[in-house]
Amino acid sequence: MALKDNLQNIHEKINAAAKRSGRDGDLVTLVAVSKRKPLDAIKEAMADGQKCFGENYLQDALEKIEQLPHAKWHFIGRIQSNKCKLIAQNFDVVETVDRLKVAKALEKNLSELGKTMSAYIQVNIGKEEQKAGILPEDLEDLVKECNGFSHLELKGLMTIPPYSDNPEKTRRYFKELHQLADSLETKKLVNSPFGLSMGMSGDFEIAVEEGATLVRVGTAIFGERD
Ligand SMILES: *Cc1c(COP(=O)(O)O)cnc(C)c1O
């Protein structure tokens with residue numbers, strides 16, 4: 001299928017899933033994950049109306065951003081703290097803040113640049129050893145620290161749940177992330193509604209049913225990666 005049809009198909013599925021949960025699909029942002037995909041594919045998606053793109057690998061991303069500065073760029077990869085300056089300089093949104101050291105380094109660099117940036121805290125919801133993300137029990141302390149910042153603006157939580165080839169099995173993790181956000185809202189530690197970045201090609205419809213405000217979809221838009 002053509003990229004344009006893929007995008008339209010995904011928007012239709014997002015809208016239907018949002019409706020099933022009594023929400024407006026227009027309030028769900030589709031981030032097209034363009035990692036390891038060429039510039040031409042991103043240009044084609046932009047021509048079809050796609051605005052936000054997600055990248056994991058900093059060097060690759062910087063080349064793309066330089067060519068396409070008017071797209072909205074989300075950093076969704078693992079963050080090394082010595083790379084925070086480049087992330088602060090070049091991205092519009094950072095979705096993978098997972099520890100205080102990184103949050104502080106981003107805030108410091110943003111402050112020096114006189115720039116604000118939307119941020120999501122990545123939560124290791126399945127408590128998997130190999131995965132990045134803060135553990136749920138440590139989340140509240142990190143949120144409180146971030147609330148003292150004036151350039152890094154906390155907009156929500158992000159997660160990559162444990163892999164399963166049955167997307168229904170990921171539903172409980174999306175529910176758990178939603179509950180974490182609810183509890184932060186109840187304690188008035190964050191703005192309500194707090195964002196939820198969850199759902200990828202295999203499970204974005206379930207994520208939207210469970211309250212995702214942002215889905216990160218690569219393969220279903222651009223095809224398999226090499
Ligand atoms: C690669 C990636 C995605 C997209 O995965 P697909 O299965 O290709 O849709 C989403 N989020 C993150 C953090 C990724 O690394």
Side-chain angles (χ1 to χ4, degrees), residues 1 3-14 17 28-38 41-42 44-45 48 50-62 64-65 71-80 83 87 90-99 102 106 117-134 155-171 173-174 176-177 195-226:
M1 253 208 299
L3 206 153
K4 185 177 185 164
D5 299 320
N6 292 344
L7 281 169
Q8 190 181 342
N9 186 19
I10 291 163
H11 280 295
E12 280 166 13
K13 287 178 169 166
I14 289 174
V28 180
T29 300
L30 173 61
V31 174
V33 176
S34 48
K35 64 182 175 203
R36 290 195 260 137
K37 291 291 172 184
I42 302 173
E44 188 182 341
D48 295 333
Q50 180 62 32
K51 295 182 177 70
C52 301
F53 295 88
E55 287 280 337
N56 299 53
Y57 308 107
L58 191 58
Q59 277 315 318
D60 287 357
L62 295 180
K64 294 173 180 175
I65 296 170
K72 194 167 176 187
W73 294 97
H74 290 227
F75 189 74
I76 61 169
R78 223 177 244 264
I79 304 181
Q80 295 167 268
K83 298 288 162 61
I87 293 170
N90 291 283
F91 285 81
D92 300 290
V93 180
V94 56
E95 295 201 25
T96 42
V97 175
D98 64 349
R99 56 198 191 276
V102 159
L106 286 166
M117 181 177 275
S118 297
Y120 290 72
I121 293 178
Q122 183 177 359
V123 182
N124 186 351
I125 202 82
K127 303 190 177 190
E128 294 171 281
E129 231 163 69
Q130 77 283 9
K131 252 190 203 149
I134 195 158
K155 292 289 161 68
L157 304 177
M158 177 271 204
T159 199
I160 308 170
Y163 177 78
S164 165
D165 50 18
N166 175 2
E168 269 302 329
K169 293 217 167 121
T170 58
R171 187 183 291 278
Y173 297 108
F174 296 147
E176 281 179 33
L177 196 74
L196 293 170
S197 172
M198 55 190 197
M200 317 203 301
S201 290
D203 53 22
F204 69 89
E205 291 169 88
I206 290 171
V208 171
E209 286 175 5
E210 296 302 334
T213 59
L214 199 158
V215 292
R216 310 174 310 269
V217 179
T219 311
I221 296 174
F222 295 111
E224 294 289 340
R225 289 177 290 273
D226 304 326

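Count residues from 1 along the sequence. Counting starts at 1 for both ligands and their atoms, following the listed order.
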For [atom], closest protein heavy-atom neighbour:
atom                    : answer
atom 10 (C) of ligand 1 : Met200 SD, 3.1 Å
atom 8 (O) of ligand 1  : Thr219 OG1, 2.5 Å
atom 2 (C) of ligand 1  : Lys35 NZ, 2.6 Å
atom 11 (N) of ligand 1 : Arg216 NE, 2.9 Å

Numbering as shown, the atoms of ligand 1 that approach Val217 to under 4.0 Å (heavy-atom distance): 9 (O)
Atom indices of ligand 1 within 4.0 angstrom of Ile76 heavy atoms, with elements: 11 (N), 12 (C), 13 (C), 14 (C)
Got [X] and [Y] here, is their nearest side-chain heavy-atom distance under 4.5 Å?
X      : Y     : result
Thr96  : Phe75 : yes
Phe53  : Lys72 : no
Phe204 : Val28 : no

Centroid-centroid under 6.0 Å between Phe91 and Trp73 rings: no
Atom pair CD1/CD of Ile221 and Gln50 - distance to nearest 0.5 Å: 5.5 Å
Basic-acidic side-chain contact under 4.0 Å: Glu209, Arg171: yes
Among Thr96, Asp203, Val31, Asn56, closest by any non-hydrogen atom to atom 15 (O) of ligand 1: Asn56
Option whose closest heavy atom lies nearest to atom 7 (O) of ligand 1, chosen from Ser34, Ser201, Gly223, Ser197: Ser201
Heavy atom of Glu95, distance to ligand 1 below 4.0 Å: no
Heteroatom distance test (Ile160, ligand 1): nitrogen or oxygen, under 3.5 angstrom: no
Gln122/Thr159 under side chain to side chain donor-acceptor pair (under 3.5 Å): CA gap, chis, key distance, verdict: CA-CA 5 Å; Gln122 183 177 359; Thr159 199; over 6 Å; no
